[in-house]
Visitor: 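Below is a structure I'd like to ask you about.
It should be emphasised that the depicted structure is a prediction, and the values quoted were computed from it without experimental measurement.
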Amino acid sequence: MLEITYLRSHADDVKARLAKKNFAELNLVDEILAADEKRRHIQKQLDDNLAQQNLMAKEIGDLFKQGKKEEAEQKKSKTAALKEESKQLDQQLAQVEEEQKHLLVRLPNLPHSSVPAGKSAEDNEVVKQHGEIPQLHNGAKPHWEIAEQYGLFDLELGVKITGAGFPVYKGKGARLQRALVSFFLDKAIEAGYTEIIPPHLVNEHSAFGTGQLPDKEGQMYHVTADGFYLIPTAEVPVTNIVRDEILEEKKLPIKFAAYSPCFRREAGSYGKDVRGLNRVHQFEKVEIVQIAHPDKSYEVLEEMVKHVEGLLQLLELPYRILRLCGGDMSFGSALTYDFEVYSTAQKRWLEVSSVSNFETFQSNRMKTRFKDENKKTRLVHTLNGSALALPRIVAGLLENHQTESGVQIPTALRPYTGFDTIS
RNA sequence: GGUGAGAUGGGUGAGUGGCCGAAACCAACAGUUUGCUAAACUGUCGUACCUCAAAAGGGUACCGAGGGUUCGAAUCCCUCUCUCACCGCCA
C-alpha cells in the first residue's frame, strides 16, 4: 500500500511510475486524492464539533459543582443538536475512510528506477548467467522419468491421497528433500539469519499485511471453518512477526530464515509446463526475510542475491539472474530478481527463486516502523526471497547431474543426504 | 468441551463517572556529578489523524474490539475476540 502522504505531494511521479508497471487505472490516483481531501475536510469539522462538545461538558460539570442547577440544565439542552451532527459526521468519516483505503489497496507498488520497461517475461533483463550447461549422454531424461526410474516421488499416489499436484516423495527422493532443507537452513544461519518455524496457517490480518489479501485470495487455500489461509510461502507468517511494531533502529536489519511447506492453488497453465515437479500445489521452501532500514534496503537486496547465488553454485547448477521488467513484477514489489536454473533435459529455464524489495509497501500495511536518530517514526523496508524452493531445484539436480549410471549428488550436499549417488 | 479469572502506555501495575492520555515503579534516552565504571540526582520518555510552509503550538481520537447509557466513560450496560488457570480429551 502506497503512503498517502507521498501520493499527495508526488501525484505525477506516482502516475508515471505506475505506468511503467503497466498499470492501467491511473485515474485511481485522482480518485484517491479526492477522497483524501474529502476525508480531511470532514475530519476537521468533526474535530471542531467534538472540541466544542468537550468544552460544554466541562462547563456543565462546573455549573453543577457550583450548584447552578438551572443554568446547567439549560446548557444541557443545547448539546443534543451538536451531538446529532457529530454522529452524522462520524458516519461520513468512516465511510470515506473505507472508500479511500479500498481504493488505495488497489494501487501496486512503484517500481524502482532500475526496473526495465516491458510488458511480459520476454522483456526481463538477464543480469548474469553462470555455469556450464552440461552435455548429457544420449539417454538423458526429464526429471519425472528419472524419478520414476529410481522411485523418488510419485504423483499418481498423491492423486489417490489428495489430488493432482500433491507429490509423495519416497526413499532417496524424500531424503533428498530433507537434506536440501537442512542444507539451506544451515547456510542461512551461517549468513546471520535467525531460524523460524512459523505457523502454516495465517489469519486474514497477516494475509493482508504482506499483500495476499484482498487481491490474490484465489491463490490460497482457505480454511473457512476458522477463517484461516494455508500459507503460500513462509514470507507471510514470518514477515508478520513485526506487524504493528515500532522497532529499534539499532536492531535493523532483522534477518529471519524459515522452512515451510507452501500451498498454492495455482489456476491455469497446461501440458509440459506442469509436468513432474515444475508446478505443484504443495512444495517445500526455505525463505529468507529481512526487515531493513530504508536507506540500506538495496544493499540488503544485493546481499540476499549473493546468498542465493552461493547456494546455486554449491549445488553446481547452471543458473541465470533476471531483473524483472515492470510488466512482469509482482503487485507489491519495487524490484525483483528472479533466479532460473537451466533444465537440461527440458531445454528451458525454471524459476527457483525470486528475491524482492517491497520497500514500504508491506510495512505500510503492517504498520511496521522504527525510530530514526531524530526520533522520527518511519516505515521500515521489507525484503524476502526463496533460498531456495525445492521442487525445481530437485528437477535441476536430477536432470543436470544425471549420468548413465545414476544421479550424482553435489559434494556440498553429500553430508546432508548421506549418499553420493541415486542409482 | 466444562468452570473460573482477566485484558490499561516498552514492562510491572494503580485507577469504579468530570481534577485521567492516565499514578507509581522498572526499562530506555539526554544531562549533572565522577580519574574510569557504578551509584545518586535532574530532565525527557505512547500512537494516529487534522491544523501549520516547516518547527513550535493547537485540536481530535485511542485504556482488547464493536455498540449503548450520559451534558460528560478507562470507570456503568450489551455483544464479540483473545489471554491465563484448573478439569476433561488428545499428540
Visitor: Mind calculating the distance between CD (Glu37(A)) and P (rC50(B)) to the nearest angstrom?
Guide: 12 Å

Visitor: Is Ser77(A) touching bases, backbone alone, or none of the nucleic acid, heavy atoms closer than 4.0 Å?
Guide: nothing

Visitor: Look at the side chain of Thr377(A) and decide which nucleotide, out of rA48(B), rA61(B), rG68(B), has an atom nearest to it.
Guide: rA48(B)

Visitor: On the ring face of Tyr416(A), is Arg178(A) found with NZ or CZ under 6.0 Å from the centre and within 45° of the axis?
Guide: no

Visitor: Hunt down the Watson-Crick or G-U wobble partner of rG31(B), both distances under 3.5 Å, from any strand shown, or write none.
Guide: rC41(B)

Visitor: OP1 or OP2 of rC49(B) sitting under 4.0 Å from any side-chain N/O of Arg8(A)?
Guide: no

Visitor: Relative to each other, are the rings of His281(A) and Phe166(A) parallel, tilted or perpendicular (30° and 60° limits)?
Guide: tilted

Visitor: Mind checking who rG17(B) pairs with, Watson-Crick or G-U wobble, both distances under 3.5 Å?
Guide: none

Visitor: Any side-chain N or O of Lys83(A) less than 4.0 Å from the OP1 or OP2 oxygen of rG72(B)?
Guide: yes

Visitor: To the side chain of Ala57(A), which of rC29(B), rU60(B), rG18(B) is closest?
Guide: rG18(B)

Visitor: Just the rounded figure in Å: distance from P of rG72(B) to CG of Leu82(A).
Guide: 10 Å

Visitor: Which part of the nucleic acid, if any, lies within contact of Asn54(A), taking any heavy atom under 4.0 Å across all strands shown: a base, the sugar-phosphate backbone alone, or nothing?
Guide: sugar-phosphate

Visitor: What interatomic distance, in whole Å, is found between P of rG46(B) and the corresponding atom of rA24(B)?
Guide: 14 Å

Visitor: Nearest nucleotide by nearest heavy atom, which residue falls closer to the 5' end of RNA chain B, Asp47(A) or His41(A)?
Guide: His41(A)

Visitor: Using the P atom in both, what is the distance from rG67(B) to rG13(B), to the nearest Å?
Guide: 30 Å

Visitor: Can you tell me how far P in rU75(B) sits from the matching atom in rA61(B), rounded to whole Å?
Guide: 14 Å

Visitor: Under a 3.5 Å limit for both distances, which nucleotide forms a Watson-Crick or G-U wobble pair with rA24(B), could you say?
Guide: rU12(B)

Visitor: Which residue, Asp62(A) or Arg40(A), contacts RNA chain B at a nucleotide closer to its 5' end, judged by nearest heavy atom?
Guide: Asp62(A)

Visitor: Whom does rU70(B) pair with, Watson-Crick or G-U wobble, provided both distances fall under 3.5 Å?
Guide: none

Visitor: For rA7(B), what is the paired nucleotide under Watson-Crick or G-U wobble rules, both distances under 3.5 Å?
Guide: rU81(B)

Visitor: Which nucleotide, in any strand shown, forms a Watson-Crick or G-U wobble pair with rG1(B), with both distances under 3.5 Å?
Guide: rC87(B)

Visitor: For the pair Ser363(A) (side chain) and Val380(A) (backbone), establish whether a donor and an acceptor sit closer than 3.5 Å, ignoring hydrogens and angles.
Guide: yes

Visitor: How many whole angstroms separate atom CD of Gln91(A) from atom C1' of rG66(B)?
Guide: 14 Å

Visitor: Tell me which nucleotide, if any, is Watson-Crick or G-U wobble paired with rC63(B) when both distances must be under 3.5 Å.
Guide: none

Visitor: For a quick check of understanding: with a heavy-atom distance under 4.0 Å over all strands, which category does Ile246(A) fall into, base, sugar-phosphate or nothing?
Guide: sugar-phosphate

Visitor: Taking only the C1' atom of each, what is the distance from rU16(B) to rA74(B) in whole angstrom?
Guide: 10 Å

Visitor: For Lys87(A) and rC71(B), what is the distance between atoms NZ and P respectively, to the nearest whole Å?
Guide: 13 Å

Visitor: Could you give the CG-to-C1' distance, from Asp48(A) to rG58(B), as a whole number of Å?
Guide: 11 Å

Visitor: Nearest to the side chain of Lys44(A) - rG18(B), rU60(B), rU51(B)?
Guide: rU51(B)

Visitor: Charged N to carboxylate O under 4.0 angstrom, Glu303(A) versus Lys306(A)?
Guide: no

Visitor: Say you pick atom P in rA65(B) and the same atom in rA53(B); how far apart are they, in whole Å?
Guide: 34 Å

Visitor: Among side-chain atoms of Gln53(A) and Asn49(A), is any donor-acceptor pair under 3.5 angstrom?
Guide: no

Visitor: Rounded to the nearest angstrom, tell me the gap between atom CG in Asn49(A) and atom P in rG72(B).
Guide: 13 Å

Visitor: Under 4.0 Å from OP1 or OP2 of rC49(B): is there any side-chain N or O of Arg39(A) that close?
Guide: no

Visitor: How about Tyr229(A) and Phe263(A): are their ring centres within less than 6.0 Å of each other?
Guide: no

Visitor: Counting only heavy atoms not in Gln92(A), do more than 12 sit closer than 6.0 Å to its CD atom?
Guide: yes

Visitor: Taking only the P atom of each, what is the distance from rA55(B) to rA40(B) in whole angstrom?
Guide: 38 Å

Visitor: Could you state the atom-to-atom distance from CD1 of Ile42(A) to C1' of rC50(B) in whole Å?
Guide: 13 Å

Visitor: Could you state the CG-C1' distance from Asp244(A) to rG10(B), rounded to the nearest angstrom?
Guide: 15 Å

Visitor: Which of these nucleotides, rA48(B), rC71(B), rG59(B), is closest to any side-chain atom of Thr79(A)?
Guide: rC71(B)

Visitor: Does any nucleotide pair with rA53(B) by Watson-Crick or G-U wobble geometry, both distances under 3.5 Å, and what is it?
Guide: none

